[in-house]
Number of protein chains: 2
Amino acid sequence: MTDERTANDQSPWMPFENRRRARDEKREAVLRMAVQVFLEQGYHRATLNEVAERLNITKPALYNYFRSKDEILFECWALGQEQVDDLIAVINRSRQSGLGKLRALVHAYAETMATDFGASLVRFDPRDLKPHNAEKVRAAKRGIDLTFRRYIAEGIADGSIKPCDPKLAAFAIAGSLNWIGHWYQRGGSLTPDAIADEFAIRLTDGLARRSVKKASAEAAPAPRTRKPTKGENR
Amino acid sequence: MTDERTANDQSPWMPFENRRRARDEKREAVLRMAVQVFLEQGYHRATLNEVAERLNITKPALYNYFRSKDEILFECWALGQEQVDDLIAVINRSRQSGLGKLRALVHAYAETMATDFGASLVRFDPRDLKPHNAEKVRAAKRGIDLTFRRYIAEGIADGSIKPCDPKLAAFAIAGSLNWIGHWYQRGGSLTPDAIADEFAIRLTDGLARRSVKKASAEAAPAPRTRKPTKGENR
DNA sequence: ACTTTTTGTTACCCGTGAGTAATATATGGG
DNA sequence: CCCATATATTACTCACGGGTAACAAAAAGT
């Protein structure tokens with residue numbers, strides 16, 4: 001009989017193996033496992049005991065790296081937020097029409113929603129955080145919303161998007177995207193990339209001056225934006 | 001000094017007044033207060049003590065009407081679901097194009113999302129329910145999703161909607177609508193009706209064969225569906 | 001008026017899981 | 001080799017809140 005729950009691939013605490021790793025790597029390992037458990041069971045039903053067990057350690061060991069459960073929750077959220085911030089930064093730096101930026105944002109954001117840390121942005125409840133951190137979350141959400149609105153407004157200004165209320169349009173688009181975090185799960189028939197492609201078109205087609213079908217081969221040939229894993233400035 | 005927390009308008013248990021009301025009315029009063037508290041604080045942070053207090057009764061009294069906290073949660077959900085079932089039934093009965101039905105659904109569903117019981121459909125976590133009830137929720141959600149897809153498929157068949165993948169289109173639209181339950185709150189600048197109007201257009205315009213702008217005065221003059229409260233046929 | 005039933009209260013139980021204290025064991029430097 | 005520090009463990013505390021038991025007081029039936 002194989003010993004249960006022994007030696008999870010992901011854990012750096014392989015029972016009697018190389019336990020020497022940088023502190024930050026372990027912290028991150030905790031977060032990766034925590035976000036998984038939190039999403040799987042919901043924050044309140046999830047216990048730190050289980051998070052620890054899955055990492056082959058015990059609960060108090062977690063307190064070497066984090067002060068409280070809600071701090072872990074916050075840091076999970078923060079990692080997801082960081083991804084979004086990065087992706088927005090890239091798009092901001094790019095030179096395209098408002099519509100182009102909007103499409104790029106939709107695509108990248110949709111992909112993020114299909115990751116654990118991305119989903120945590122919309123599936124975790126800020127009310128579980130200390131007021132201090134809840135405020136940061138609130139501000140960040142506001143920032144994302146404003147980004148959507150800005151791209152839309154830019155698009156209206158430069159003529160790539162037909163006039164509409166940026167606020168409601170942003171709500172509609174962001175809502176659609178955020179919801180991905182609630183229904184997507186690995187192993188389904190849709191791949192994140194396929195979802196992102198479809199949404200990038202469907203969600204913006206109603207706004208575009210020229211339908212995407214007619215304007216197939218456009219001037220700007222790169223509507224999608226890849227993560228800046230490497231410092232690629234073309 | 002006015003006595004604190006005395007005589008909430010909504011409560012049928014006015015401290016020393018008419019305590020005689022039908023059992024079902026009281027059950028419903030509990031649910032109305034519960035859904036409010038659950039939404040306000042989140043199911044896990046909310047306590048039955050507080051729900052009871054706000055009704056001028058004590059926690060054990062609730063157990064005259066419900067067996068457990070999660071049963072209360074479920075019944076809140078069920079009331080919202082009932083609204084949706086009704087509204088779908090009305091639209092099903094109507095004779096319009098697929099696009100017309102879809103627009104009617106979007107409008108009515110959006111309005112529902114702006115109510116407490118409506119929001120509970122998307123803000124409560126089925127995992128808090130007994131498996132028995134969680135299964136009912138799962139089935140109901142599936143039903144709603146299929147309704148969206150059916151209207152879209154109908155629309156494609158009758159030519160009112162341009163060809164697309166009904167599954168993804170339904171996800172996109174429903175996501176947008178469901179998200180309303182997360183951001184809408186009474187007292188904002190948007191009224192539920194205004195939101196519903198805007199969404200009914202914005203979410204379907206990308207799908208329609210003819211943009212709503214061009215096809216303003218159409219054959220079917222009633223794109224919105226009112227609750228059958230009054231028989232108002234303009 | 002009396003009993004019975006329904007509905008409410010006060011006082012309690014008790015499982016759970018976050019967080020802590022005391023202690024042990026690696027790890028690494030001198 | 002020994003001490004200092006970081007990291008982990010075992011064994012505990014303790015607040016919280018769902019749920020129950022025992023009892024009280026209305027309502028309602030007869």
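Residue numbering restarts at 1 for every chain, and letters A, B, ... go by the order of the sequence lines. From a predicted model like this one, the values you see are computed outputs, not experimental measurements.
Which of D/dT9, D/dG19, D/dT7 sits closest to the side chain of B/Ser68 comes down to D/dG19. When each of D/dT9, C/dG19, C/dG8 is scored by its nearest atom to the side-chain atoms of B/Ala61, the top-ranked nucleotide is C/dG8. Taking only side-chain atoms of B/Arg23, from C-beta outward, the nucleotide of C/dT7, C/dG8, D/dA8 with the closest atom is C/dT7. Residue B/Thr47 has its side chain nearest to D/dG18 when only D/dT9, C/dG8, D/dG18 are considered. When each of C/dT7, D/dG19, D/dT9 is scored by its nearest atom to the side-chain atoms of A/Pro60, the top-ranked nucleotide is D/dT9. Which of C/dA18, D/dT20, D/dT10 sits closest to the side chain of A/Thr58 comes down to D/dT10.
Per the geometry, OH belonging to B/Tyr65 stands 6 Å off C1' belonging to C/dT7, to the nearest Å. Look at CD1 on B/Ile57: it is 15 Å from C1' on C/dT10, rounded to the nearest Å. The separation between A/Leu48 atom CG and C/dG19 atom P is 7 Å, rounded to whole Å. The distance from atom NZ of A/Lys130 to atom P of C/dA18 is 13 Å, rounded to the nearest whole Å. Taking atom CZ on A/Phe38 and atom C1' on C/dG17, their separation rounds to 12 Å, with Å as the unit. D/dG17 atom C1' lies 11 Å from atom OH of B/Tyr43, rounded to whole Å. Distance, A/Leu55 CG to D/dT7 P: 15 Å, rounded to whole Å. Computed from coordinates, the B/Glu53 CD to D/dG18 P distance equals 12 Å when rounded to whole Å.
Counting heavy atoms from C-beta on, the side chains of B/Lys59 and B/Glu53 never come closer than 4.5 Å.
Phosphate contact (OP1/OP2 of C/dA18, side-chain N/O of A/Tyr63, threshold under 4.0 Å): absent. For B/Lys26, a side-chain nitrogen or oxygen approaches OP1 or OP2 of C/dG8 to under 4.0 Å. B/Arg67 has no side-chain polar atom (N or O) that falls below the 4.0 Å cut-off from OP1 or OP2 of D/dG18.
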Assess whether ring-ring contact (aromatic ring centres under 6.0 Å, His included) is satisfied between B/Phe171 and A/Trp179, documenting all intermediate values.
CA-CA 8 Å; B/Phe171 274 157; A/Trp179 200 247; 9.9 Å; no
side-chain hydrogen bond (donor to acceptor under 3.5 Å, both in side chains) between B/Asp70 and B/Tyr43, worked out
CA-CA 9 Å; B/Asp70 69 270; B/Tyr43 177 70; 5.2 Å; no
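No N or O donor and acceptor, one from the side chain of B/Lys59 and one from the base of D/dG17, sit under 3.5 Å apart.
By the 30° and 60° cut-offs, the orientation of the rings of A/His44 relative to B/His44 is parallel.
Shortest non-hydrogen contact noted between A/Ala34 and A/Ile72 is CB-CG2, 3.6 Å.
Within the 4.0 angstrom heavy-atom criterion, no nucleotide atom of any strand lies near B/Ala52.
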